[in-house]
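The structure appears right after this line, and notes come after that.
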Amino acid sequence: MDRNAIIEFNNLEVNHLVAKCLRIASLFLVPVWLFSLTGYYQCDQSTITIILISCILLALIPTVLVDFLHFEKQWIKYYVIMCTLGIVYLLSTFLSVNYSVLVIIPLIIATLYCDRKLIIHTCVIDCIFLIVTVLLRYNFLRFWEISEIKENLTIIIYSVFLRIVLVLVITLFSDYIVGRNMIMLNKTIDANTDLKHNQEELIYAFAEISESKSKVTGDHIRRVAEYMRILGNASEFTKEYVDKLALAAMMHDIGKLMISEEILDKPDKLTDEEYAIMKSHVLYGEALLAKCPGDIMQIAKTIALQHHERWDGTGYLGMKGENIAYISRLMAVCDVFDALTSQRYYKEGWSLENTYNEIVRLSGIHFDPDVVQLFIDNFDEFKRVLKEMPDKEIY
């Protein structure tokens, strides 16, 4: 579980939430316009209409970016904050200074993003614009006469001061909330990291037992996991899913625990009856993992059941083409590549050239052609893993 990835996901969710809230908020500007017909505001009606239309357009910008254009970038949050600030300051500058209390809304939104820097920046902008709003209203726009400004200067300063204090107090609360959330998030991530590490070690130990039963030593399990990682990345899966896929790949032959050593280690060709028993390890693997909780185990279950299926339908269970799960098609290439290049007590490992040619030759027969193309495109990565993780010893 990656902290930055969690925060990025949260930001994307907040983008959608705020866009929806701003759409709803834009509807409340209609009553504001109707109220302006009573003559309460000092602006003329055409100016008020322009201001309110501008606010509605600002409120809809996040919807356009997030829901229509489907932008999923982190910079969207700055547009969301600026649009919200723009609405607040248009209302408070041109309609009524009383709307300036809405400056807390951008701070609340910044808090939802769990971004302390964004909170500080929003606070600074809030304070600056509170002052600018007063200067515009009571000086440049001359909503009050100069004599009235002098008479009410204390009230004006006091009003601005109170709003700035409100902004600072909300900022402190926002910073505290984000700080507490980050502490809780870090504790959760640490706990999940420990759990994931323990699960990984347990999976590796469990898988190693199944491999050692058939006298397969070395780093077969870890290599297969890395090959799956390569093809998973090439398939453009998320990093989190690729990590799960690599762990699940270690369990592909777990069903061999249920097969006798006499069959697993037989140097001669298996009889039809023995071969039928050998093939049943995929069913045993599925049965062993079927009731195990968690995404990794469910991925492992699919791989364990289907990794001996062939594209042309001549595999263990007779599954064909796209009826075979995509991850199992990836596993088929990884498993065969490692089986061919690895030395066993009953055979020598193939050369990289011969292994490459064999997998390419079996494209559309044993393997999914699209997966073979991924293998071709990433063959250098396969070679790197094999070089870095060679078999240590064969008995």
Donor-acceptor contact present, side-chain His16 to main-chain Glu13, <3.5 Å: no

Joint hydrophobic cluster, Leu85 plus Leu166, side-chain heavy atoms closer than 4.5 Å: yes

Cluster link Ile327 to Leu247, ILVMFWY, side chain under 4.5 Å: no

Qualifying salt bridge (charged side-chain N to carboxylate O under 4.0 Å, His left out) pairs, either residue in residues 164-192, two or more places apart: Arg116-Asp175

Transitive ILVMFWY cluster of Leu57, excluding itself - 4.5 Å side-chain cut-off: Ile53

Cys55 to Leu29 - nearest heavy-atom pair and separation: CB-CD1, 3.5 Å

Ser342 side chain to Arg223 side chain, donor-acceptor N/O pair below 3.5 angstrom: yes

Other ILVMFWY residues reachable from Met184 by side-chain steps of under 4.5 Å: none

Minimum heavy-atom distance Leu317-Glu309, with the two atoms named: N-OE2, 2.8 Å

Charged N-O contact under 4.0 Å between Lys239 and Asp243: yes

Minimum heavy-atom distance between Leu340 and Glu358, given as atom pair plus value: CD1-CG, 4.1 Å

Sequence neighbours excluded, every pair satisfying side chain to side chain donor-acceptor pair (under 3.5 Å) that has a member inside residues 118-132: Tyr89-Asp126

Nearest atoms (heavy-atom pairs only) where Ser235 meets Tyr326: OG-OH, 2.8 Å

Plane angle bin for Tyr227 and Phe382 - parallel if under 30°, tilted between 30 and 60°, otherwise perpendicular: parallel

Intermediate values then yes/no, side chain to side chain donor-acceptor pair (under 3.5 Å), Gln373 and Asp377: CA-CA 6 Å; Gln373 187 58 53; Asp377 295 341; 2.9 Å; yes

Tyr176 OH: over 12 foreign heavy atoms closer than 6.0 Å: no

Arg23 CZ to Leu60 CG distance, which is reported to the nearest 0.5 Å: 8.5 Å

Hydrophobic cluster (4.5 angstrom, side-chain heavy atoms) - remaining members for Ile24: Phe28

Which atom pairs, donor and acceptor, lie under 3.5 Å between side-chain atoms of residues 291-304 and protein residues at least two apart or in another chain?
{"unit_1": "Asp295", "atom_1": "OD2", "unit_2": "Lys244", "atom_2": "NZ", "d": "2.9"}
{"unit_1": "Gln298", "atom_1": "OE1", "unit_2": "Lys301", "atom_2": "NZ", "d": "3.4"}
{"unit_1": "Gln298", "atom_1": "NE2", "unit_2": "Cys292", "atom_2": "O", "d": "2.9"}
{"unit_1": "Thr302", "atom_1": "OG1", "unit_2": "Gln298", "atom_2": "O", "d": "3.3"}

